[in-house]
S.K.: 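Quick one: the structure is below, questions incoming.
Each chain gets a letter, A, B and so on, in the order its sequence line appears, and its residues count up from 1.
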Number of protein chains: 2
Amino acid sequence: MSDIAIRPRKEFGKTIAADITHRLREEIIACGLAPGEPLRFDVLRERFGASFTTLREALTALAAEGLVDAQEQRGFRVAPVSRQDLVEVTDARVLIEVELIRRSIERGDDDWEIAVISTLHRLKRIEQRDPEHPLRDPEWKIAHRQFHQALVSACGSATLLAIRADLFDRAERYRHLSANFRPRPRDKAGEHQAIMQAAISRNADLAVQLIEAHIRSTSDNVAKYAGHLLDAE
Amino acid sequence: MSDIAIRPRKEFGKTIAADITHRLREEIIACGLAPGEPLRFDVLRERFGASFTTLREALTALAAEGLVDAQEQRGFRVAPVSRQDLVEVTDARVLIEVELIRRSIERGDDDWEIAVISTLHRLKRIEQRDPEHPLRDPEWKIAHRQFHQALVSACGSATLLAIRADLFDRAERYRHLSANFRPRPRDKAGEHQAIMQAAISRNADLAVQLIEAHIRSTSDNVAKYAGHLLDAE
DNA sequence: AAAAGCCATATTTTCGAAAATCATACCGTT
DNA sequence: AACGGTATGATTTTCGAAAATATGGCTTTT
């Protein structure tokens, strides 16, 4: 009976390094670690309970994803934010997401349609619980991510999906950055619904147009409500 | 006088991990480490003279670039090659490179033009030395990379340039893979010249068309002459 | 003979100490 | 006071031993 409720030191089957990478990623995206903040090993060691080298491995991986900034011989810090970076991430997302939506609409089968519909359904359910502050709900975040993931999942390119995933994470961090200052969410539910319908009805041009507007308006909102955080560096 | 000719254990100002990452990357691209080959720490330790954890950090970084395949609890191996992966890399390169060429042509200033012209000039000079086997010449590889880099350097997006660089490396590995079986290089010099002229004369449509043909014909050549290496896995 | 369990060995993964490097404060000189 | 150099403490980076995990062969059982 002694082993009840002992939290496992890592997820099953994973290395500690992979687990730390995951936890650090989530924390950076959620801005629990502020942009530009130095990531000192003493602090991380205490917070995550891992050794120097394991942490170093995790930070190296996150640096490749663009969430951490590695400064040779001077340690790591959370990747800074800036208007320029926000614009770059947004443009890159549009370029790639538009292409992947087209390919998915062209290639998607029944399973794809089901995935799109069901992930949207779950997202709506969760939104009904707390319509005011969806971003604060971890489940909403997951469901939102999964819906967008489902939309492009039939594109057929693991390579582009991996790139897309990294950009999505970087964009999500910006959303979190502005979440505390944004008066109230716009009608995302309606936008998601429209995107889903365009995709399922195989109207690629419309779906692409809606997705681009969706991405850009999210980005514009960040620039509008978190602008003061993007300039001061 | 005792310190003459002692090779420094690392490049100036860099960490050992960054140095090892660089050397491993070059070796994988050049197929000195074969696709799919297991990367055991004993062997790497001897070959690169670094410790477990330093090597691990390098391998983690290369895994994020798609040159190394990390298998949880079962070590690392050189990323395998396949027809599917070649197609994905090629398509992704076309998508991104086309966009970056357009942006560079639109935004490039005098310095950009000079960089394009001078990197092409150097490339041609090197090609004259050994017109038969350019890929075996390390200087040609560098010059070739720099010419293509110069073409897109004015695009204004560090984010997309970083993605492009990773894809370029992955594609270059496939070129090396087929280099030993390819009878003789096609007229790359002429293609590069035409691309340069289209770019400098700000003919975006033509430049894009030429770049896409350039990338795809290179990929087709790999599939043609290294096909036997892409299926057997 | 095939499958399942078990042990021994090979290999990866993690750790904290030690070395290397950087940042800062101090001191002497101009 | 300003500057340059140097010592000191803080922090990162590297290392090889030790722990954890996987692999392959051997034995036993069905």
S.K.: I want to confirm an ordering. Mapping Phe52(B) and Glu57(B) to their closest nucleotides on DNA chain D, which one lands closer to the 5' end?
M.R.: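 Looking at the nearest nucleotide for each, Glu57(B) comes out on the 5' side.
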
S.K.: Could you please name the option among dT21(C), dT14(D), dG16(C) that lies closest to any side-chain atom of Gln73(A)?
M.R.: dT21(C)

S.K.: Pick one: which of Gln146(B), His148(B), Lys141(B) meets side chain to side chain donor-acceptor pair (under 3.5 Å) with His144(B)?
M.R.: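 Per the side chain to side chain donor-acceptor pair (under 3.5 Å) rule, the option paired with His144(B) is His148(B), out of Gln146(B), His148(B), Lys141(B).
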
S.K.: How long is the line joining CG of Asp19(A) and P of dA20(D), in whole Å?
M.R.: 17 Å

S.K.: Grab the CD-C1' distance between Glu72(B) and dT11(C) for me, whole Å please.
M.R.: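 Atom-to-atom, Glu72(B) to dT11(C), this comes out as 16 Å.
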
S.K.: What's the CD-C1' distance between Gln71(B) and dA22(D), to the nearest Å?
M.R.: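 After rounding, the gap between these two atoms is 12 Å.
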
S.K.: Between C1' on dA20(C) and NZ on Lys14(B), what's the gap in Å once rounded to a whole number?
M.R.: 18 Å

S.K.: Within this structure, what is the CZ-to-C1' distance between Arg40(A) and dA10(D), rounded to whole angstrom?
M.R.: 9 Å

S.K.: The side chain of Arg74(B) is closest to which nucleotide in this list: dT14(D), dT21(C), dT23(D)?
M.R.: dT23(D)

S.K.: What's Leu44(B) touching, base or sugar-phosphate or nothing? Going by heavy atoms closer than 4.0 Å.
M.R.: nothing

S.K.: Can you classify the ring geometry of His192(A) versus Phe147(A) as parallel (below 30°), tilted (30 to 60°) or perpendicular (above 60°)?
M.R.: perpendicular

S.K.: Just how far is it from atom CG of Leu167(B) to atom CD1 of Ile163(A), taken to the nearest 0.5 Å?
M.R.: 5.0 Å

S.K.: Tell me the interatomic distance from Phe48(B), atom CZ, to dT14(D), atom P, rounded to whole angstroms.
M.R.: 15 Å

S.K.: Atom CG of Leu59(B) and atom P of dT13(C): how far apart are they, to the nearest Å?
M.R.: 10 Å

S.K.: Let me spell it out: for each of Thr53(B) and Asp42(B), pick the nucleotide of DNA chain C with the closest heavy atom. Which residue's pick is nearer the 5' end?
M.R.: Asp42(B)

S.K.: Quickly work out the Leu55(B) CG to dT14(D) C1' distance and round it to whole Å.
M.R.: 11 Å

S.K.: Would you call the rings of His228(A) and Phe181(A) parallel, tilted or perpendicular, taking 30° and 60° as the class edges?
M.R.: perpendicular

S.K.: Determine whether more than 12 heavy atoms belonging to other residues, nucleotides or ligands lie under 6.0 Å from atom CZ of Arg83(A).
M.R.: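 Correct, the count exceeds 12.
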
S.K.: Distance check, rounded to the nearest 0.5 Å: Leu55(B) atom CG versus Arg45(B) atom CZ?
M.R.: 8.0 Å

S.K.: Please tell me if Arg45(A) has a side-chain N or O lying less than 4.0 Å from either OP1 or OP2 of dC15(C).
M.R.: no

S.K.: With distance as the sole criterion, is a donor-acceptor pair present between the side chains of Arg93(A) and Ser219(A) under 3.5 Å?
M.R.: no

S.K.: Please state whether the phosphate of dC15(C), meaning OP1 or OP2, lies under 4.0 angstrom from any side-chain nitrogen or oxygen of Thr54(A).
M.R.: yes

S.K.: Could you give the angle between the helix axes at the two ends of the helix from dA1(C)-dT30(D) to dT30(C)-dA1(D), with five pairs per end, rounded to 10 degrees?
M.R.: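 Angle reported: 10°, given to the nearest ten degrees.
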
